[in-house]
4 protein chains.
Amino acid sequence: MPLSEEQRLNMIKKRQKILDSAITLFASEGYEGTTIKKIAESAEVSFGNVFTYFKDKEQLFLASVVEPLGTFSEQVLDFNTDAEDPLVELQEMVTKHIQLFAGVKSYLTLVAQVVGQPHRYPAAFEQLDQFHDQLREKISCLIKNGQHKGVLMKQDTMPVATLYTSLLIGIRLNNTDTRYSKIWDQYISPALQLFGPIN
Amino acid sequence: MPLSEEQRLNMIKKRQKILDSAITLFASEGYEGTTIKKIAESAEVSFGNVFTYFKDKEQLFLASVVEPLGTFSEQVLDFNTDAEDPLVELQEMVTKHIQLFAGVKSYLTLVAQVVGQPHRYPAAFEQLDQFHDQLREKISCLIKNGQHKGVLMKQDTMPVATLYTSLLIGIRLNNTDTRYSKIWDQYISPALQLFGPIN
Amino acid sequence: MPLSEEQRLNMIKKRQKILDSAITLFASEGYEGTTIKKIAESAEVSFGNVFTYFKDKEQLFLASVVEPLGTFSEQVLDFNTDAEDPLVELQEMVTKHIQLFAGVKSYLTLVAQVVGQPHRYPAAFEQLDQFHDQLREKISCLIKNGQHKGVLMKQDTMPVATLYTSLLIGIRLNNTDTRYSKIWDQYISPALQLFGPIN
Amino acid sequence: MPLSEEQRLNMIKKRQKILDSAITLFASEGYEGTTIKKIAESAEVSFGNVFTYFKDKEQLFLASVVEPLGTFSEQVLDFNTDAEDPLVELQEMVTKHIQLFAGVKSYLTLVAQVVGQPHRYPAAFEQLDQFHDQLREKISCLIKNGQHKGVLMKQDTMPVATLYTSLLIGIRLNNTDTRYSKIWDQYISPALQLFGPIN
DNA sequence: AATGAATGAGACTTCATTCAT
DNA sequence: TATGAATGAAGTCTCATTCAT
């Protein structure tokens, strides 16, 4: 007697709720500061039920870092390296990134923890690092395009890309607000300067 | 019976050794990942002796964050807002900052933890935040000076200052190496772009 | 709606399969070392289904010890106390016992557990103890017969019977092999000595 | 400041008390049936303190099996294979063994558990098995001596030795009393028959 | 009857802190 | 001051049992 469709959906929802609670708590309380009990309470799930969905705390942490990465990276990587007008593309990319980073507080705090202590979370770090490389590579391409077209000043592109991603994670770390607000818009224009636009 | 001078010095050294070990371990293993036993072993001090110098773990953590701040902030704040040539001053500041951040891995990883989880470490965060404000303020002044002298493009100065400090903590987070190396020099020039230099 | 004959048979088979798995596992992993999940997997039955056939773990354990006892005791007690030639009867009994004990590894390991920790499994122990008494009594009778007929030396019979059953459970404990093999035959002749045969 | 002699002695006593409690409990309740809490209570020691002396439950179990083995094996192996009068030596050996096994209930129940589930306690079994081999070997020698001198009937010696050790562990398993009593003496003479004495 | 998710009690273990020496 | 044994609270995880489907 397999599970009914309704039950299956319910379980998927439940799993997601646990994961969301875990992300929030891991982000704000840290790995050891977060107890399974807290997660269960926050997700309105019984203590033991957490283990129905995640083998152990470590796996739950890993899932908290890795699972949202798919959607997130897709959004972050959504820009065109071969754009006709690289300056406009850059502007749009920066705008989107800033707004995205403004709105995703918990997850990015979690990411910052993993990035800050790679040897403590090797599996999670591995995945993040891979994405990070991909992102920097793609940004680097767009910059090269801009330099080619003479709208960006000539400079090594990878350091700039690295600085840019550092800046993104850095502002997320430095800001305590949870949602996007006008304040974040102020960052767009100076952040663009990093790429050395020629007007 | 008062302690001899030699004993007093010895104790000061011991305390510092414990603090250094604590910083390294808190940085790499996190707060609850770091045990008093590990700290004692790393500092080559007996287990119970740690409590002779620090009341409890929390205070030791606080000291790990706060005590190095004095020297560190002095170095970071060592630039002249009223410089004759703000561009040169900026260049020197950025160079110094990058080199400084390159060389202080453990402590800054620790700082990033506190900044990322402010409500978990309120006392420590308070101090760091205060320093951060002071730093941004001072950088903002230097930028204003540059804009006044027409060597920097006009833009809101605080967002730029914030971006700059974000960038600093961000590159520290993104790099795993423990010491300054030539690689870090690549960041200086693009980081300068952030301020919108006019040549 | 009563169950069809086929269903009834199926359930009986299923119950036996669970019991067999339980015996094997209880024997090799011990009571708490054995989980319902393991039993279910081993019996190729769903987890919850185990509880359809056995109220709880304790009852399943009890059944594991008690149910096979019927067949087993029948075989063990199958010898003739009033045999014409008690020496031959003894020889045949010992041979049969050794072969039987050689072939029933799991169950006897389980029995040994219960016998070794009587106060932990009082109900199970009770039953085994009763059978044990019966067995010793019957062996004692056969010995007496032999002594009467002058083919066994005179000695107290109960201690000999007890030693004999001890020896049987002891060799089972000391041997790791699961099936009867020629090795076991070596034990027959010396075991017979226990009874003090006169030739 | 190393520990004082008195403290060291105290710790040794404490460790032994824990070990003794563990042996008793493991014997009567089994491995999983025995909790650290129970052991601590029985040894009149705080819960956490158990871990000062034994890394974890498994190690405590191993120590419970292995540490008493030294004294025990010494006593069990204390007989002379080259005795002038092997019959007398055998008689003395059996007497001593029976009395020894009568008086060491808990430890031998524990031994029986390990022997019965070797794959569950591989490390402990290893040690016991080694001792067992040594014992059988030595008994075998004494039997050979007796056969040589014509006071024991000719038969394979190893099976007899194995039967004898089986018998010893078997009677220990079958008897519930904790101390040596006259009852045990009844076993001596029939047990001797096993070796096929010629009078 | 059959299934497997849900529950929470209870086990092991770690570790900050206390304290006697 | 220095040491490390003693304590027990708190955390993770397992698993028998229940129960809705």
Side-chain angles (χ1 to χ4, degrees), chain A residues 1-8 10-11 14-15 32-40 45-58 60, chain B residues 1 3 7-8 10-11 14 31-40 45-60, chain C residues 1 3 7-8 10-11 14-15 31-40 45-60, chain D residues 1-8 10-11 14-15 31-40 45-58 60:
Chain A
M1 212 185 328
L3 292 159
S4 72
E5 189 63 15
E6 197 200 336
Q7 277 176 310
R8 267 197 46 246
N10 227 314
M11 285 184 70
K14 217 165 173 177
R15 188 179 185 283
E32 269 92 357
T34 300
T35 67
I36 303 285
K37 194 166 170 276
K38 281 188 203 168
I39 294 171
V45 150
S46 86
F47 174 76
N49 205 189
V50 173
F51 295 96
T52 307
Y53 296 90
F54 300 93
K55 198 178 123 284
D56 55 25
K57 195 182 178 184
E58 196 176 317
L60 177 50
Chain B
M1 187 175 50
L3 293 137
Q7 278 177 310
R8 248 179 31 86
N10 222 318
M11 285 184 68
K14 224 164 165 177
Y31 182 78
E32 3 270 316
T34 300
T35 67
I36 304 287
K37 194 166 170 277
K38 280 188 201 166
I39 294 172
V45 151
S46 88
F47 172 69
N49 207 4
V50 172
F51 294 94
T52 308
Y53 296 92
F54 300 92
K55 191 177 129 279
D56 56 25
K57 195 182 178 184
E58 199 176 317
Q59 198 184 97
L60 176 50
Chain C
M1 186 176 51
L3 292 137
Q7 278 177 310
R8 246 178 34 84
N10 222 317
M11 284 185 68
K14 224 166 166 178
R15 189 179 184 282
Y31 183 77
E32 2 269 317
T34 300
T35 67
I36 304 286
K37 193 165 170 277
K38 280 188 202 166
I39 294 171
V45 151
S46 88
F47 171 70
N49 207 4
V50 173
F51 294 94
T52 307
Y53 296 90
F54 300 92
K55 194 178 126 276
D56 55 26
K57 194 183 178 183
E58 198 177 316
Q59 198 185 98
L60 177 49
Chain D
M1 211 186 325
L3 292 158
S4 72
E5 190 62 16
E6 197 201 337
Q7 276 176 311
R8 268 198 43 247
N10 227 314
M11 286 184 70
K14 218 164 172 177
R15 189 180 184 283
Y31 182 78
E32 270 93 357
T34 300
T35 67
I36 303 286
K37 194 164 169 278
K38 282 187 201 167
I39 294 172
V45 151
S46 87
F47 174 74
N49 205 8
V50 173
F51 295 95
T52 307
Y53 296 90
F54 301 92
K55 196 177 126 285
D56 54 25
K57 195 184 178 182
E58 196 177 317
L60 177 51

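Here the structure is a predicted model, which is why all the values come from computation and not from measurement. Residue numbers begin at 1 in each chain, while the letters A, B, ... track the order of the sequences.
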Participant: With rounding to the nearest 0.5 angstrom, report the CD to CD distance, A/Q7 to A/E5.
Facilitator: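 Result: 10.5 Å between the selected atoms.
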Participant: Sequence neighbours left out, what passes side-chain contact (heavy atoms from CB on, under 4.5 Å) with B/N49? Give chain and number order.
Facilitator: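 B/N49: side-chain contact (heavy atoms from CB on, under 4.5 Å) contacts with B/K14, B/V45, B/S46, B/T52, B/Y53.
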Participant: Starting at NZ of D/K57 and ending at P of F/dT12, how long is that distance when rounded to a whole Å?
Facilitator: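 It works out to 21 Å between those atoms.
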Participant: Could you tell me the separation between the OG1 atom of D/T34 and the CD atom of D/E32, rounded to the nearest 0.5 Å?
Facilitator: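 Answer rounded to 0.5 Å: 9.0 Å.
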Participant: Measure from CD1 on D/I39 to P on F/dA6 and round the result to the nearest Å.
Facilitator: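 In whole Å, F/dA6 P and D/I39 CD1 are 16 Å from each other.
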Participant: Assess whether side chain to side chain contact (heavy atoms under 4.5 Å, CB included) is satisfied between D/K57 and D/L60, documenting all intermediate values.
Facilitator: CA-CA 5 Å; D/K57 195 184 178 182; D/L60 177 51; 5.5 Å; no
Participant: Would you tabulate the pairs of protein nitrogen or oxygen atoms and nucleotide nitrogen or oxygen atoms of nucleotides 8-10 of chain F closer than 3.5 angstrom?
Facilitator:
| residue | atom | partner | partner atom | Å |
| --- | --- | --- | --- | --- |
| F/dG8 | N7 | D/G48 | N | 3.3 |

Participant: Can you see if the side chain of B/K14 gets near the phosphate of F/dA2 - specifically, an N or O under 4.0 Å from OP1 or OP2?
Facilitator: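 Answer yes for this pair, as a side-chain N or O of B/K14 is under 4.0 Å from OP1 or OP2.
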Participant: Less than 4.0 angstrom between a side-chain N/O of B/K38 and OP1 or OP2 of E/dC15, yes or no?
Facilitator: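 False: B/K38 side-chain N/O out of range (4.0 Å or more) of E/dC15 OP1/OP2.
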Participant: So, OP1 or OP2 of F/dA2: does either fall under 4.0 Å of a side-chain N or O from B/Y53?
Facilitator: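 Yes, such a contact exists.
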Participant: Does DNA chain F take part in any stems of at least 3 consecutive Watson-Crick or G-U pairs (both distances under 3.5 Å), and if so, which ones?
Facilitator: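 E:2-21 with F:2-21 - these are the stems of 3 or more pairs that involve DNA chain F.
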Participant: Give the nucleotide from the list F/dA6, F/dT1, E/dT3 with an atom nearest to the side chain of D/T52.
Facilitator: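 Closest nucleotide to the D/T52 side chain: F/dA6.
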Participant: Rounded to whole Å, how long is the line connecting atom NZ of B/K37 with atom C1' of E/dT17?
Facilitator: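 To the nearest whole Å, that distance equals 16 Å.
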Participant: Among the candidates F/dA16, F/dT14, F/dT1, find the nucleotide nearest to the side-chain atoms of A/F51.
Facilitator: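 Nearest to the side chain of A/F51 among the choices is F/dT14.
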Participant: How many Å lie between CD on D/E32 and P on E/dG10, as a whole number?
Facilitator: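 After rounding, the gap between these two atoms is 17 Å.
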Participant: Restricting to non-hydrogen atoms, name the atom on A/F51 and the atom on A/I36 that form the minimum distance, rounded to 0.1 Å.
Facilitator: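 Looks like CE1-CG2, 3.9 Å.
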Participant: Hey, is CD on B/Q59 packed in by over 12 heavy atoms from elsewhere, all under 6.0 Å?
Facilitator: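 Above 12, so yes.
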Participant: Can you tell me how far P of F/dC15 sits from CG of C/L60, to the nearest Å?
Facilitator: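 The distance from CG of C/L60 to P of F/dC15 comes to 16 Å, rounded to the nearest Å.
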Participant: Round to the nearest Å and state the distance from B/I36 atom CD1 to F/dA2 atom P.
Facilitator: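 Interatomic distance, CD1 of B/I36 to P of F/dA2: 16 Å.
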Participant: So for atom NZ, which belongs to C/K38, do other residues, nucleotides or ligands contribute more than 12 heavy atoms lying within a distance under 6.0 Å?
Facilitator: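 Check passes, neighbour count above 12.
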Participant: In this structure, how many angstroms lie between the C1' atom of E/dT13 and the CZ atom of D/F54, rounded?
Facilitator: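 Roughly 16 Å, once rounded to whole Å.
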Participant: How close or far is atom P of E/dT17 from atom CG of B/D56, stated in whole angstroms?
Facilitator: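 The distance from CG of B/D56 to P of E/dT17 comes to 5 Å, rounded to the nearest Å.
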